[in-house]
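First up is the structure itself, then whatever we jot down about it.
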Amino acid sequence: MTKKKQSKKTVAVIGLGYVGLPLAILTAKKGYPVYGFDLDKKKVEKIKKNISPFKEEFIEERKQFLSKINASTDPTILKKADVVIVCVPTPVDEKFFPIFEPLISATELIINNRKPEQLIVIESTINPGVCEEVLLPLFQKANLVDGKDFFLAHCPERINPGKDAVSKGYNVSNIARVVGSTSKKGLLLAQNFYSSVIDAPIKAMGSIKEAEACKVVENSFRDINIAFVNELAKSFEKMDIDVKNVIEGAATKPFAFMAHFPSRGVGGHCIPVDPYYLIERARESGFDHKFLRVAREINNSMPAYTVELMHDLLNELEMPIKGTSVGVMGLSYKANVDDLRESPAVKIIEELEKKGAHVVRFDPYIPSMSDAKNLNDFLKKSDALIFVTNHKAFSSVDAKTFKKFGIRAIVDGVNSLDKEKIKKLGIKYKGIGRR
Ligand code: SAJ
């Protein structure tokens, strides 16, 4: 599809977080006049001073565009926009039901500060049906007609936080997207807009529901594949087969296999959450996603399983877990980000404390949660370790360092330590599905 040069419409992004801020920067970089709305005054002030409110490679490398975003906490800026993009969180409650309040209040801001014939794109992750069943009724209540007074579309975000995204070269500017709409014109407007800012294919879906379903399917796919290897890890641990080696062996097959790796658990605000959107919505239509539920149960069991491995190692050393100082090395849910959302570390700490262990926490990305001022101080305070997050900052730590600080036992929650070297130095070692 030829990239139609868009007359420079004015764009407003609601929600300047991991998803919204990179998109606002990209849109500004492409020459659009961009407004950014966020409820968080501090965040807006930082952006106005060309400071990124959080660590994100993509933003760090394009900080000069921060000042091009007219960031504000005043919703009346939305009246200036021809295109409004909603990038607000859609978390789940303790029963894993999606919480739509942020999305509903963003929609109400749009309704109360509108410009005729706006394209309104929801990027937040939502389950199939939310646009038509939750959002459209809000417009109808205000006597606004979709496809005439405004054009509603959905383009699920595909942000990939953390260094690994940059190392793979993916970022908001070059990841293909899908778009869906409730009207033909809305679909065209959305596809043209995203084609003008993203250098990758923009696939038009047959309906807005299909676009909503794509995201939850993508992330449920990842969750079930991680559950598969987590179950393998538990099985192979009993057969003394190194599951990491087996997965790497299977991955030499150049087709029909996609490597995932077992770990201490699945964290973040996407993967462990999105399958519940599908499970709950399908339940309302009378379908039970047994397979997705079982995969969630397997992944949710991994933090406790990891602590059991540590308990086993301490028993082998005849060291009661009660009173032993167990270091939790890394708190964030994945490497090189400062994000605790759904992090397995939180559950690992709970399980250790339930067993009476003395927990020492350390994460260079989250100093406020750390019980040690630096890595050496952390290792000094620990008798045993659970390695939770393989931050780049930890890559310099080797088996000799652990030995030097008298570490007796290590559970490698991300299977990324050199098990042979560690065992050779007489330190007890268990990985997730590898000994
Ligand atoms: N994890 C495993 N084993 C794996 C992969 C991940 O245990 O093989 C764990 C991670 O440690 C983490 C959790 O799962 O705790 C989620 O990891 P993730 O790599 O999926 O990271 P996220 O949550 O940042 O996922 C995002 C998602 N992107 C979007 O939703 C737009 C996801 O779809 C991407 O596949 C993922 O980034 C990515 O590939 O990095």
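When a ligand or atom number is given, it counts from 1 through the structure's own listing order. Scope of the values below: all heavy atoms of this structure, side chains included, with no hydrogens, waters or symmetry mates.
- Contact annotation: Lys215 has at least one heavy atom less than 4.0 Å from an atom of ligand 1.
- A distance of 6.0 Å or more separates the ring centres of Phe387 and Tyr429.
- Close approach of ligand 1 to Ile226 (heavy-atom distance below 4.0 Å) involves ligand atoms 1 (N), 2 (C), 3 (N), 4 (C), 5 (C), 6 (C), 7 (O), 14 (O).
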(request) Evaluate side-chain contact (heavy atoms from CB on, under 4.5 Å) for Met329 paired with Val388, printing each intermediate quantity in order. (result) CA-CA 6 Å; Met329 194 162 168; Val388 172; 6.0 Å; no
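- In this structure, Lys234 satisfies the cation-pi test against Tyr305, with its NZ or CZ atom closer than 6.0 Å to the six-membered ring centre and inside 45 degrees of the ring normal.
- More than 12 heavy atoms of other residues, nucleotides or ligands sit less than 6.0 Å from atom CZ of Arg281.
- Using the six-membered ring where Trp is involved, Phe362 and Phe378 have ring planes that are parallel, under 30° apart on the 30 and 60° scheme.
- Looking only at distances, no side-chain donor or acceptor of Lys423 sits under 3.5 Å from a matching main-chain atom of Lys430.
- At a heavy-atom cutoff of 4.0 Å, ligand 1 is contacted by no atom of His269, backbone or side chain.
- With Tyr18, Tyr333, Phe261 as candidates, the residue nearest to atom 23 (O) of ligand 1 on a non-hydrogen basis is Tyr333.
- Under 4.0 angstrom from ligand 1, the non-hydrogen atoms of Arg264 all belong to its side chain.
- In this structure, Ile104 CD1 and Leu135 CG are separated by 7.0 Å, a value rounded to the nearest 0.5 Å.
- Contacts between Arg222 and ligand 1, counted as non-hydrogen atom pairs separated by less than 4.0 Å, involve the side chain only.
- Proximity of Asn219 to ligand 1, defined as any heavy-atom pair under 4.0 Å, is confined to the side chain (atoms from C-beta onward).
- Looking at ligand 1, you'll find an N or O of Ile159 within less than 3.5 Å of one of its N or O atoms.
- Classified by interplanar angle (parallel below 30°, tilted 30° to 60°, perpendicular above 60°), the ring pair Phe394/His391 is tilted.
- The pair Glu123-Arg177 meets the salt-bridge criterion, with a side-chain N (NZ, NE, NH1 or NH2) lying under 4.0 Å from an Asp/Glu carboxylate O.
- Of all atoms in ligand 1, numbered sequentially from 1 with element shown, those under 4.0 Å from a heavy atom of Ser263 are 2 (C), 7 (O).
- Of the options Gly265, Ala227, Gly267, the smallest heavy-atom separation from atom 13 (C) of ligand 1 is shown by Gly267.
- Listed by number with element, the atoms of ligand 1 under 4.0 Å from a non-hydrogen atom of Glu157 are 31 (C).
- Less than 4.0 angstrom separates some heavy atom of Cys270 from each of these atoms of ligand 1: 30 (O).
- With a heavy-atom cut-off of 4.0 Å, Lys334 touches ligand 1 through its side chain alone.
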